[in-house]
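See below for the structure under consideration.
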Protein chains: 2
Amino acid sequence: MPKRVDHEERRTQIAEALVRVAGRRGLHAVGMRDVAAEAGVSLRLVQYYFQTKEKLLFYGLQHLTDRFSARVGARLSAVGPDPGPRATIEAILLASLPTDEESRTFHLLYSSYSILSVTDDALAAQPFIDKPDAAEDALTGLIRQAQEAGLADPDADARTEAISLLAMTATMGTSILVGQRQPESAIAVLHHHLDRIFTPGRRHAPKGPPTAAPAAKARVYP
Amino acid sequence: MPKRVDHEERRTQIAEALVRVAGRRGLHAVGMRDVAAEAGVSLRLVQYYFQTKEKLLFYGLQHLTDRFSARVGARLSAVGPDPGPRATIEAILLASLPTDEESRTFHLLYSSYSILSVTDDALAAQPFIDKPDAAEDALTGLIRQAQEAGLADPDADARTEAISLLAMTATMGTSILVGQRQPESAIAVLHHHLDRIFTPGRRHAPKGPPTAAPAAKARVYP
DNA sequence: ATTTTTATGGTACGTTCGTATTACGAAGAA
DNA sequence: TTCTTCGTAATACGAACGTACCATAAAAAT
């Protein structure tokens, strides 16, 4: 037989073509022929490696989330070894904002899949619903950790704040996507809440004199 | 000629059929034939009143936002005459959560249109982007109003809080839609933030003793 | 060397979609 | 009345889509 090719590799190649063309024209507008052309293969090949369009879409979603997880991981290790809870959370949130081509594509397609899953049972059964739950748990743990270290307001409800941060990030990401908001504006809002949460409570009184209001960091809504 | 029918009325009837079928099967899945069947008219009629599918979709979006605005208005007058800023904001936010069939459909379709507008220029040009801006302005004004009346934290940044509340509501609405979160959970988070914002500041000292170190409302993380 | 797999190409089939065409009865206008 | 115009219907058309089918060269397996 010919070359004895690596199926998984080929599938990845095709899935990336799917992601590219879907990011450009919208998930609803991609056909198997588009994917084939983008990947530089014949339509038959796409059928060969994914028997059906549905399977292709599922695989594409999986690939998308995998890439995104890797990206967040890279951002995390980029902030230096053993970053504090706040830096970690900030890295996660900022990585989720559509600020460059890859994150823009991710945000667009993940949103598309989510909306699609509302009316598509097969997609809803796909295990990409637990990703948000995992993020929520992670942030909750980080906030609790900061509270125990005296770095965050001990009176804050960690889970509520985690939900809030993720929720704000998601919507503002969409706003950026549709051109309604600038990334800087979204970042300012997130910083505002991080500042609010990561303020040592009175019980753990840190060091500085409890005097005059320290200069407000940033925000400024244009 | 026959009956001399009201075109606007017919268009509304058809648009409502569109909204119903799109809410059931997803916006991407509706065809002109589906809309015609749902409205109980022939395909030709849908073509007659809307020449093209694009125009039908635009009209449907317009109708959707109009209905939603009316619904929010109804909720507002339902909370009694001259409600306070907080009650007003709460009514707006809670009306936006997909808790019944109508709000569920609205949330699903509005999200679908938004995502579509990212890759569809004609849809992006449609004036439904300013709706969120209007809501943001309204909430900002209400918070400022509450601050001046001594009902809200005077140190809070009204616009930032308005953006945050709307952003959280939107994402949590989607979470409810996909079955990831219960409405009660979303409402609890919103209440938490409303409680935080609508807390009379110390400057307007309501009643309690002016004791312990005033909470540094902010920033500069250590 | 022959036979069986495997990867790939080309193309045809059946369906569905948006749109266009044609037709016709009924109501105002002349 | 006659003519025009409006609302409604049925159906046809061309394109695009997902999928199925047939073919073939090349590497293993026998």
Side-chain angles (χ1 to χ4, degrees), chain A residues 1-22 24-61 109 112-113 116 119-123 126, chain B residues 1-22 24-61 109 112-113 116 119-123 126:
Chain A
M1 342 127 177
K3 298 184 282 182
R4 214 60 148 85
V5 84
D6 181 344
H7 278 215
E8 209 54 36
E9 191 180 339
R10 264 262 194 279
R11 269 192 275 262
T12 298
Q13 172 200 348
I14 295 176
E16 277 173 356
L18 162 68
V19 167
R20 277 197 305 276
V21 66
R24 227 181 302 126
R25 299 211 284 266
L27 188 60
H28 68 284
V30 321
M32 314 233 75
R33 287 166 176 84
D34 303 302
V35 175
E38 177 78 22
V41 301
S42 73
L43 169 61
R44 179 68 182 85
L45 261 249
V46 179
Q47 284 188 264
Y48 182 72
Y49 289 102
F50 306 91
Q51 293 73 42
T52 169
K53 186 185 184 182
E54 188 175 55
K55 288 181 184 168
L56 169 61
L57 289 178
F58 288 175
Y59 193 94
L61 171 60
L109 297 190
S112 301
Y113 276 114
L116 240 33
T119 45
D120 186 323
D121 292 341
L123 207 53
Q126 218 65 8
Chain B
M1 337 124 173
K3 300 184 281 184
R4 216 54 149 90
V5 87
D6 182 343
H7 278 213
E8 209 54 36
E9 191 180 341
R10 263 266 194 277
R11 269 194 274 263
T12 297
Q13 171 199 349
I14 296 175
E16 276 174 357
L18 162 68
V19 167
R20 277 198 303 276
V21 65
R24 228 182 301 126
R25 299 210 284 266
L27 188 60
H28 68 283
V30 322
M32 314 233 74
R33 287 167 177 83
D34 302 303
V35 175
E38 177 78 22
V41 301
S42 74
L43 168 60
R44 180 64 184 90
L45 260 252
V46 179
Q47 283 188 266
Y48 181 73
Y49 288 101
F50 306 90
Q51 293 72 42
T52 168
K53 185 186 184 182
E54 191 176 53
K55 288 181 185 169
L56 169 61
L57 289 178
F58 288 175
Y59 193 94
L61 171 59
L109 296 189
S112 301
Y113 276 112
L116 240 33
T119 46
D120 185 324
D121 292 341
L123 206 55
Q126 218 64 9

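Proteins get letters first, then strands, A, B, ... in listed order; numbering begins at 1 in each. Everything numeric here is computed off the predicted structure, so don't read it as measured data.
Side chain of A:Tyr59 to backbone of A:Ile14: no donor-acceptor contact under 3.5 angstrom is found.
For D:dC6, neither phosphate oxygen OP1 nor OP2 lies less than 4.0 angstrom from any side-chain nitrogen or oxygen of B:His7. A close approach under 4.0 Å does not occur between any side-chain nitrogen or oxygen of A:Arg4 and OP1 or OP2 of D:dA26.
Under the ring-ring contact (aromatic ring centres under 6.0 Å, His included) criterion, A:Phe58 pairs with no residue at all, not counting sequence neighbours. Partners of A:Tyr49 under the ring-ring contact (aromatic ring centres under 6.0 Å, His included) rule, at least two apart in sequence or in another chain, are A:His7. Looking at residues two or more places apart in sequence or on another chain, you find no side chain to side chain donor-acceptor pair (under 3.5 Å) involving A:Arg44. Residues forming a side chain to side chain donor-acceptor pair (under 3.5 Å) with A:Asp34 (at least two apart in sequence, or on another chain): A:Arg25.
For DNA chain D, the residues of residues 28-36 of chain A within the heavy-atom distance limit of 4.0 Å (strictly under) are A:Val30, A:Gly31, A:Met32, A:Arg33, sorted by number. Shown for residues 41-56 of chain B: residues whose heavy atoms fall under 4.0 angstrom of DNA chain D, namely B:Ser42, B:Arg44, B:Leu45, B:Tyr48, B:Tyr49.
Annotation for B:Tyr113 and B:Leu18: closest pair OH-CD2, 4.3 Å, computed over non-hydrogen atoms. Minimum heavy-atom separation, A:Glu54 to A:Ala122: OE2-CB, 3.4 Å.
Taking atom CG of B:Leu27 as the reference point, atom P of C:dC17 lies 14 Å away to the nearest angstrom. The separation between B:Leu18 atom CG and C:dG18 atom P is 11 Å, rounded to whole Å.
In this structure, the side chains of B:Met32 and B:Leu56 come closer than 4.5 Å at one or more pairs of heavy atoms.
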